[in-house]
Amino acid sequence: MFSQLSLTQLAPGEKAEVAGLSAQGAMRRRFQDLGVIPGTVIECLGKSPLGDPSAYLIRGAVIALRGSDARSITIGTPFRTPAASPAMLAAE
């Protein structure tokens with residue numbers, strides 16, 4: 001069974017690809033202007049102490065979104081990018 005996840009379910013350090021937007025009107029247009037379109041990878045950088053808002057890295061820009069707005073962004077399965085080890089960096 002397929003279950004849809006919203007951006008609010010992304011934990012700090014996790015990334016996911018945008019699957020769709022349910023926002024309408026001006027908010028939908030704002031998301032599109034920020035590059036939040038299907039296929040865009042978004043990373044959760046952190047959540048405020050009370051959980052709202054959260055900071056996300058979207059196409060190189062850090063954006064804070066309220067939970068009510070982030071819920072309108074549908075995402076794919078979250079993933080983590082492995083951190084580069086010092087040995088990997090030295091090899092470059």
Side-chain angles (χ1 to χ4, degrees):
M1 183 175 171
F2 177 75
S3 64
Q4 292 189 348
L5 300 174
S6 75
L7 191 57
T8 58
Q9 294 170 285
L10 214 54
E14 288 184 328
K15 298 178 182 182
E17 199 171 286
V18 174
L21 288 173
S22 62
Q24 299 296 317
M27 184 53 71
R28 182 181 188 86
R29 176 62 187 208
R30 177 75 175 130
F31 282 146
Q32 291 171 334
D33 288 345
L34 290 170
V36 180
I37 57 173
T40 298
V41 174
I42 297 179
E43 179 180 0
C44 180
L45 297 178
K47 298 184 182 277
S48 70
L50 297 178
D52 199 26
S54 296
Y56 300 95
L57 183 63
I58 304 171
R59 295 186 179 246
V62 177
I63 307 293
L65 295 176
R66 292 180 293 231
S68 59
D69 295 329
R71 273 189 282 284
S72 67
I73 300 173
T74 306
I75 59 170
T77 305
F79 62 91
R80 289 183 181 267
T81 304
S85 69
M88 292 174 64
L89 295 173
E92 292 180 350

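Keep in mind it's a predicted model, so treat the numbers as computed, not measured.
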>> Working note: Phe31 + Ile63, criterion side chain to side chain contact (heavy atoms under 4.5 Å, CB included); need CA distance, chi angles, decisive distance, verdict.
In response: CA-CA 11 Å; Phe31 282 146; Ile63 307 293; over 6 Å; no
Shortest non-hydrogen contact between [X] and [Y], atoms and distance:
X	Y	value
Ala70	Leu7	O-CB, 3.4 Å
Ala55	Val62	CB-CG1, 4.3 Å
Gly76	Ala19	N-CB, 4.3 Å

> With a cut-off of 6.0 Å (strictly less than), are more than 12 heavy atoms of other residues, nucleotides or ligands near CZ of Arg28?
Replying inline: yes
Separation of [Y] [atom2] from [X] [atom1] (nearest 0.5 Å):
X	Y	atom1	atom2	answer
Glu17	Ile37	CD	CD1	10.5 Å
Cys44	Leu65	SG	CG	10.0 Å
Thr77	Leu5	OG1	CG	6.5 Å
Gln9	Ile73	CD	CD1	12.5 Å
Leu45	Ile58	CG	CD1	9.5 Å
Glu43	Phe79	CD	CZ	9.0 Å

[Y] backbone acceptor or donor facing [X] side chain under 3.5 Å:
X	Y	value
Lys15	Leu57	no
Thr40	Gly35	yes
Arg66	Pro53	no

>> When you group the ILVMFWY residues by side-chain heavy-atom contacts below 4.5 Å and let the links chain together, are Leu21 and Val41 in the same group?
In response: no
>> Test side chain to side chain contact (heavy atoms under 4.5 Å, CB included) on Arg71 and Ser6; report intermediate values, then the result.
In response: CA-CA 5 Å; Arg71 273 189 282 284; Ser6 75; 4.0 Å; yes
